[in-house]
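Numbering of residues begins at 1 and proceeds along the displayed sequence. Every number for a ligand or one of its atoms is a count from 1 in the order of the listing.
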Amino acid sequence: MSVTITEGFLDHKVFSIVSDCADRMGVRAFVIGGYVRDCFLGRPCKDVDIVVEGSGIELALCVAKAVHAKVSVYKNFGTAMLRYKDLEVEFVGARKESYHRDSRKPIVEDGTLEDDQLRRDFTINAMAFSLCKEDYGALVDPFGGIRDLAAGIIRTPLDPDTTYSDDPLRMLRAIRFATTLSTPQRHFTIVEESLDSIRRQLGRLSILSKERIAEEFNKILLCSKPSPAFVLMEELGMLHVFLPDLAQLKGVETQEGKGHKENFSHTMMVLDNVCALEEEAGVGPNLWLRWAALLHDIGKPRTKKFEPGTGWTFHGHEYIGAKMVPHIFASLKLPLNEKMKYVRKLVLLHLRPIALVTDEVTDSAVRRLLFDAGSDIDDLMLLCHADITSKNPRKVERLHENFKRVEQKMALVEEKDRIRNFKNPITGDYIMEVFGIPPSREIALIKDAVKEAILEGEIPNEWDAARELMLRKAAEMGLKPIGPDASC
Ligand code: CTP
């Protein structure tokens, strides 16, 4: 056992309580996995994994009693979890078999710490801090996790074929860790032996549940520079399994000596730009805005055309792309609720602001965009700025300036007309009350006429003007007000 004493990392009271309980039970307990790794990386971590040479559930029950916490027991997995102060602490018995929640293999809990460490995914995730009385705080690192952490190396403790075949999700986790742990100071790479093993075992990816894949994608997307993960997935052939439409963006076709933009690397730049712009603005990270960046040009392969004389076009790719969003979300079991609708909306609208750049643009076009984007207009504009990926600095500056002018125009129109969170001043209930009619088609027609007139600037976004138009439209349809409105 190594004897590096890791003072300071185990200051939280929970560790001494676990140590006392394990001592009373006569078992050895350790902190293991991500918490240990993140301590050395100086990253805050609120999830603690405790491994015990014995029953994880029994130790959890003992700790829960000592701290008066509620404990959740997952008998099928042989694990238990409790919250104590700011930490979420999970307990598991040391295993001889591979450790992961979805394992269909029987749980064998009679392993030693070293057995358990050997069956974990990466050396950097297999380090442990002892909570035993005799060497409290010692680092137990039989596979050189600390050396790999310092060198930025992702390596499996066992032969990679075994580690990846135990749980194929680890192939994606390798890419996730290589990407999310990388910083400008320390770049993480996956060892060649592991990459070769991943290439050999790609077929095993199809057995993974979509939820676990989506969780990894989301964690990747939430980091400060996600593109390397997608580039590596594409190179290894993994993207073709998980997100074939994204993989389709790769490549450049040439006809009559004309090539088009390489849409995959463009998308990668847009994604990273969104992350950088969010950071610059002190907002986010907005996972769904990042999904929108990833999918903003997803319709391009299906709309690509070569028009002699003009060159390559992608007409309507925003419509096709928006239509693809629900299918892509469903294929990864991502939510199909308002999050998906938000992504679909941004994909659909991502070209609209550019159309507002010309001087002759009408207020009604600006109003319509404000109406369509609603409260997501700022996110849309951030995506548009991120979509500028030209290599020509003068062009980049000009395009950003154009968008700033659009934003100014929008601010002016918004101040005047308050369209951003537009609510029709005329409601269906009001129309039914004034004309004494039941729910009917006429109501939708009247409401729509009022909305259109406001967006077109024919009437101001005000109650009196809206009511007057309602009465006029209703009269054209042969409707007469009843009650106190009858004299109108
Ligand atoms: N683990 C594993 N194989 C998996 C998943 C997890 O060996 N497929 C082990 C690793 O030792 C890992 C620990 O279980 O460190 C906890 O897993 P998890 O919470 O998913 O990852 P963390 O390493 O804690 O990292 P993060 O919280 O960033 O996901």
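- More than 12 heavy atoms of other residues, nucleotides or ligands shown are found within 6.0 angstrom of CZ on Arg204.
- For Lys219, a nitrogen or oxygen atom sits less than 3.5 Å from a nitrogen or oxygen atom of ligand 1, counting backbone and side chain alike.
- Residue Arg119 has no N or O atom closer than 3.5 Å to an N or O atom of ligand 1.
- Remark: Lys250 fails to qualify as a cation-pi partner of Phe264 under the 6.0 Å distance and 45° angle criteria applied to the six-membered ring.
- Tyr342 and Trp291 have their aromatic ring centers separated by at least 6.0 angstrom.
- The distance from ligand 1 to the heavy atoms of Asp167 drops below 4.0 Å at these ligand atoms: 4 (C), 8 (N).
- Phe40 and Phe9 have their aromatic ring centers within a separation under 6.0 angstrom.
- Within the listing of ligand 1, atoms 26 (P), 28 (O), 29 (O) sit less than 4.0 angstrom from a heavy atom of Arg176.
- The distance from ligand 1 to the heavy atoms of Asp49 drops below 4.0 Å at these ligand atoms: 16 (C).
- Taking the centre and axis of the six-membered ring of Trp312, the NZ or CZ atom of Lys304 falls inside the cone set by 45° and 6.0 Å.
- Those atoms of ligand 1 that come under 4.0 Å of a heavy atom in Gly33, given as number and element, are 15 (O).
- The contact set between ligand 1 and Arg170, taken as ligand atoms under 4.0 Å from a residue heavy atom, comprises 2 (C), 3 (N), 4 (C), 7 (O), 8 (N).
- With a 6.0 Å radius and a threshold of 12 heavy atoms from other residues, nucleotides or ligands, Glu262 has its CD atom above the threshold.
- In this comparison of Arg173, Arg120, Arg212, the heavy atom closest to atom 17 (O) of ligand 1 sits on Arg173.
- Ligand 1 is approached by Arg37 to a heavy-atom distance shorter than 4.0 Å.
- Between His317 and His296, the ring centre distance reaches or exceeds 6.0 Å.
- Considering backbone and side-chain N/O of Asp121, one or more are found under 3.5 Å from N/O of ligand 1.
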